[in-house]
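Below you'll find the structure, written out as C-alpha cells, and then a few comments.
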Amino acid sequence: MSIIDLRSDTITRPTPSMRKAMAEAEVGDDVFGEDPTVNRLEAMAAERMGKDAALFVSSGTMANIVSQLTHCRRGEEMILGDRSHIFFYEGGGSAALGSIHSRTLPNRPDGILDLTAVEAAIRPDNIHFPRTRLLVLENTHNRCSGAPLPVDYMKRVGELARRHGLKVHIDGARIFNAAVALGVPAADLVADADSVSFCLSKGLAAPVGSLICGNADFIREARRNRKVVGGGMRQAGILAAAGVAALTEMVDRLADDHANARRLVRGLADVPGLSVRPEAVTTNIVYMDIEREGMTAQALSGALEREGLRILPTGPFQLRAVAQYHVAADDIDRALKKIRTVMGR
Ligand SMILES: Cc1ncc(COP(=O)(O)O)c(C=O)c1O
C-alpha cells in the first residue's frame, strides 16, 4: 500500500535537480566567508527579500533565535502571538538562550495581531518595566490555518513600529506561500520589517536550511550570533546548492499545493464528524476538528494510518493536513476516500 503523507511540508525530499546541484556544488569554508555557493544563495535570498544581506543557517528555529538574539538584549521584551511558532514550538529558546521576555497577545484566527492591542502592550519608559524591543509576526501563520498576512497590514505594522522605535522580525518560514497566495513579491510583504527568516526545507523541498535577511549591520551581528549558537558550518555549499535550486525552481509551484489544500477542504465539507473552516484555507495548511463523541485525534490518526494516510494530531481533538510537493490532486481524492471509510461515509 502506498502511503499518502499529509503531516507536514517538512517531509519533502530533495528533487533530482537538487541532488545533482549538491553533488556538483563548488564549496569552501563558509566560516571564512569562502563558500561560493553559500555566498550565491545568500545574495539570491537578500535580493528576493529586498534586503541588503542574508545569512544561511541550519533551520527555521536557528533563524528565529539568531534573529531574536541580534535584536534583543537580556531582559528586553518581545511582543508575539500566542499561537506563534516561536512561542509554541521552539523549546522556549527565547528565554533559555536569550533571556528575552515574551509578551504574548492573542492571534486572531487569520494570524493577525490587533494593532491597537500591540500599541497598548508597548511599555512606557519606567524602571519597573522591561524595554519593549521587538515585535514578531509569522507569515504565513502555521497555527492559524496557514493564513498569509497581507501587504496593507504589514504597512500599518511598519508605521506603528517606526512610531515607537520597535524592531520587527517576520518568521517567514512559509513567506513564499504567502507571496504566491496573495500574488505579490515576497519583498513587498517584508519591506517594513527589520529582519525576515524563511525556510528552504518546507514547501520548497530542499533538505536543510533557512535564511535570515536584513540590513548589512544586522546580518554582520547575526553572523556573530550564528557562531555563538554553533551554527557556523564549513563546506555548507553542498546544502546551499539545493537551496539555490529551491529558490529557482520550486516557488511558483506552491500554487499547486494551495489548490490541493482547497480540494481537500471541498471534499471534507460533507464528511460527518469533522469540521473545517473552508474560508480559512488559502495556502497549504488545513486544520480539522473532530466533532464525534469519544473520538480523539490520536485515535483518528491511528485509524487513518492503518488505511495508509498520515495526518498530524495537533491537539486532543484537532488534526492538521498539509499539501506538499509529493502529493498530487489524485492523492487528495484517495485521501478523502480513506477519510470517508474511517468516518463512516
Ligand atoms: C512558522 C514556522 N517557523 C519556524 C519553523 C521552524 O523550522 P525548523 O523546523 O526548520 O526549525 C517552523 C517549522 O515548522 C514553522 O512552521
Side-chain angles (χ1 to χ4, degrees), residues 5-14 41 45 49 55-69 78 80-94 96-98 102 104 107 110-113 134-149 168-179 181 186 189-190 193 195-213 225-226 229-231 233 236 239-240 242-243 246 254 257 261 282-287 311-315 318-325:
D5 198 337
L6 296 177
R7 287 172 301 165
S8 179
D9 48 10
T10 58
I11 63 121
T12 45
R13 299 175 299 280
L41 174 64
M49 294 298 146
L55 180 69
F56 185 47
V57 296
S58 66
S59 68
T61 302
M62 183 179 280
N64 282 332
I65 190 62
V66 166
S67 299
Q68 292 167 69
L69 291 171
M78 158 177 80
L80 77 175
D82 61 354
R83 298 197 216 175
S84 64
H85 196 276
I86 290 179
F87 184 67
F88 233 90
Y89 289 126
E90 297 186 9
S94 319
L97 304 181
S102 287
T104 55
N107 280 112
D110 59 359
I112 278 189
L113 290 185
L134 179 64
L135 171 62
V136 175
L137 296 165
E138 189 174 310
N139 199 5
T140 63
H141 203 295
N142 182 339
R143 281 187 69 87
C144 294
S145 304
L149 306 182
V168 176
H169 172 68
I170 307 297
D171 175 356
R174 296 183 182 80
I175 195 74
F176 290 110
N177 293 86
L189 293 169
V190 300
S195 59
V196 53
S197 55
F198 70 84
C199 293
L200 300 165
S201 60
K202 299 194 163 58
L204 304 185
V208 178
S210 292
L211 286 120
I212 307 170
C213 307
N225 286 323
R226 181 186 70 172
V229 298
M233 297 181 281
L239 303 173
L254 293 173
D257 295 345
T282 55
T283 64
N284 63 334
I285 300 181
V286 178
Y287 282 92
I311 298 191
L312 193 72
T314 46
Q318 184 191 61
L319 298 105
R320 187 189 75 174
V322 183
Q324 43 88 1
Y325 177 56

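Both ligands and their constituent atoms are indexed starting at 1 by order of listing.
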Exercise answer, ligand 1 polar atom pairs (N/O) under 3.5 angstrom:
from, atom 1, to, atom 2, distance (Å)
ligand 1, 3 (N), D171, OD1, 3.1
ligand 1, 3 (N), D171, OD2, 2.7
ligand 1, 7 (O), K202, NZ, 2.9
ligand 1, 10 (O), G60, N, 2.9
ligand 1, 10 (O), K202, NZ, 3.3
ligand 1, 11 (O), G60, N, 3.4
ligand 1, 11 (O), T61, N, 2.8
ligand 1, 11 (O), T61, OG1, 2.6
ligand 1, 16 (O), N142, ND2, 2.9
ligand 1, 16 (O), R174, NH1, 2.8

* **Derivation and outcome, side chain to side chain contact (heavy atoms under 4.5 Å, CB included), residues R143 and Y89** => CA-CA 11 Å; R143 281 187 69 87; Y89 289 126; 2.6 Å; yes
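Relative to the six-membered ring of F198, R174 misses at least one condition, a distance below 6.0 Å or an angle of at most 45° to the axis.
Evaluation of the side chain to side chain contact (heavy atoms under 4.5 Å, CB included) rule for I65 yields Q68, L69, L97 as partners, not counting sequence neighbours.
By the 4.5 Å heavy-atom criterion applied to side chains, H169 and L137 are not counted as neighbours. The shortest distance between side-chain heavy atoms of L211 and L55 does not fall below 4.5 Å. You'll find the side chain of R83 stays beyond 4.5 Å of the side chain of N142, heavy atoms only.
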